[in-house]
2 protein chains.
Amino acid sequence: MHPAASQDVPERAAGFPDDLTLLVNDYLAQLRFAREPGVSGLQEAMHYSLLAPGKRVRPVLALATARAIGHDPREVLPLAAALELIHTFTLVHDDLPALDDDDLRRGQPTAHVRFGEDVAILAADALFAEAFRLVLSEQRGEPAHVLAALAALTDATGVNGLAGGQYIDVRGLAGARSVGLRCLHRLKTGALMRASVESVLLVHGFKGVALDEFRKFADELGLLFQIVDDILDVTADASELGKDTGTDARHGKVTYVSRFGLPWAQSLAEQTHAAARAALARAVPDGAAELEAITDFFLDRTS
Amino acid sequence: MHPAASQDVPERAAGFPDDLTLLVNDYLAQLRFAREPGVSGLQEAMHYSLLAPGKRVRPVLALATARAIGHDPREVLPLAAALELIHTFTLVHDDLPALDDDDLRRGQPTAHVRFGEDVAILAADALFAEAFRLVLSEQRGEPAHVLAALAALTDATGVNGLAGGQYIDVRGLAGARSVGLRCLHRLKTGALMRASVESVLLVHGFKGVALDEFRKFADELGLLFQIVDDILDVTADASELGKDTGTDARHGKVTYVSRFGLPWAQSLAEQTHAAARAALARAVPDGAAELEAITDFFLDRTS
């Protein structure tokens, strides 16, 4: 078989590494934030959104990356958990009436429905701050490496990351020729996915050519996740997905499906999956079973 | 004169160090956040709130602290600016209709009035992220010291800082015996004021007994600022203050004035001012002209 062809059609790996999800969930469940009297209600709202059931794809991606470079995943649990806190922060704000106005998330009422808009806004802000606090107080590593990992996190969350991506989304700028869908998703989804891989490599002081291959892998993975997200918004049902469906069409959003049609979006998802697996094979020539499984799951997921 | 008496009734120092305000304003004005196409509008909203006229008390406090321990204030400009980004982030969220619902801030329409709620929420989120990014990319110092300074910033912004304080405020918990006004203000105002002093000391690796005296100084200073804020909400007029007045009464908030009356609040402000000056004198026995001037300004300010 031609080597390139073997990369283009990789063998499917085992299922999603649920053992890593359990590790993350156990770690998240024991997090306590409130020290002061009077703020336990805020912590309750934070836990409500943070501990709602989920695959924890970003933290699991981080733990799997640690294992792919020969480290014990538990060493980066604070960093991995911080990714989930940041992700949850953005979900809570994105769901607000002034933004996407969603009522259902992870199979339960959204934070503002449950606690009111004021508490939802503040709980999300607090999750964001506590994400950094968690890394600063719990993540081991050489100080310069921890700083580099934090820089990757902040790159992914600011103007050129999550906040910017959501801005492009709510202002409907992805349809503009100068911006485009790819930019929207690189910021809104891709940035944090990339940080999930990159921050773990940086906190371990990992350098060299393979770092760039890991970045390429993470970028393709983020794109894959978003394309499949767009597909699921029209093909899945809300009870399975755990959030409202058809919201993209309701908000008149440009998506891979609305722009190019479902068959093309599905084909693009497959190409992106192959590109991610190829980059991963270059980053870890000996194979990285869990990262391969995550990549396959991103293509095959139904929720 | 009795030494204690000389501490209790300190001589008034020169005026507010406006030269440091200029330094901060010049630094803030040259900050650019947007790299990606499509997010320049988000940057515009960030600049709108960030660059609105202000004394920049937190960054100036940081720069004055640097000078008080013998350093060039310009060395900590990224850290000082980050404090203003974080402060602005909280102002924009606090002003939202779901929270304090204020229309006027720093003499101009609030961010959500000017740009809409969606953009205001995201611009504030982005300011928060970019604050950390600024420190991580621009602040010089030993990596372990930069990490310690960042920890001080995050302590001040999370559940046990700004977000928690605002939660206590909007939920009206400050009237509860178990929480109290002092807790509200330690979190909502005091935490970031303390971080403005503490983070500068930490980034310079400053240690020893004086660190605790600086912390006591900063805590009294934060309390003083808030008591005077409560006083100004009933005594100042909106055009001078640059924000709505009477908002505390309108929201039925417990303040030092509503709880104890104006004369008592004014007396407490004077006592707190004296305590701050006394702690400062212990922290810097040779004197720190700018920090003294800031402390006096906090008592005497009319806006």
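A note on names: the letters A, B, ... follow the listed sequences, proteins ahead of strands, and every chain is numbered from 1.
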Largest heavy-atom contact set with chain B, pairs under 4.5 Å, which of [options]:
options	answer
A/Leu150, A/Leu42, A/Val39	A/Leu42
A/Gly41, A/Ala151, A/Ala144	A/Gly41
A/His112, A/Met46, A/Glu142, A/Arg186	A/Arg186

Measure the shortest side-chain to side-chain distance between A/Arg171 and B/Val119 over non-hydrogen atoms and say whether it is less than 4.5 angstrom. yes
Least distance between heavy atoms, [X] atom then [Y] atom:
X	Y	value
B/Pro143	A/Pro143	CB-CB, 3.7 Å
B/Ala98	A/Asp118	O-CB, 3.2 Å
B/Ala126	A/Ala163	CB-CB, 3.8 Å

Contact class of B/Leu96 relative to chain A, heavy atoms under 4.5 angstrom: side chain
So, the part of B/Leu187 with a heavy atom under 4.5 Å from chain A: the answer is side chain
Between [X] (side chain only) and [Y] (backbone N and O only), is there a donor and an acceptor less than 3.5 Å apart?
X	Y	answer
A/Asn160	B/Phe33	yes
B/Gln166	A/Leu122	no
A/Glu130	B/Val159	yes

Are more than 12 heavy atoms from other residues, nucleotides or ligands located less than 6.0 Å from atom CZ of A/Arg259? yes
So which of [options] has the biggest tally of heavy-atom pairs under 4.5 Å with chain A?
options	answer
B/Leu153, B/Asp155, B/Val135, B/Leu162	B/Asp155
B/Arg35, B/Gln43, B/Glu117, B/His145	B/Arg35
B/Leu173, B/Thr90, B/Asp125, B/Thr157	B/Asp125

Could you tell me the separation between the [atom1] atom of [X] and the [atom2] atom of [Y], rounded to the nearest 0.5 Å?
X	Y	atom1	atom2	answer
A/Phe115	B/Tyr167	CZ	OH	8.5 Å
A/Ser137	B/Leu147	OG	CG	11.5 Å
B/Leu136	A/Thr154	CG	OG1	5.0 Å
A/Leu99	B/Ile121	CG	CD1	5.0 Å

Region of A/Leu184 that comes under 4.5 Å of a non-hydrogen atom in chain B: neither
Bottom line for A/Leu127: the part with an atom under 4.5 Å from chain B's heavy atoms is neither
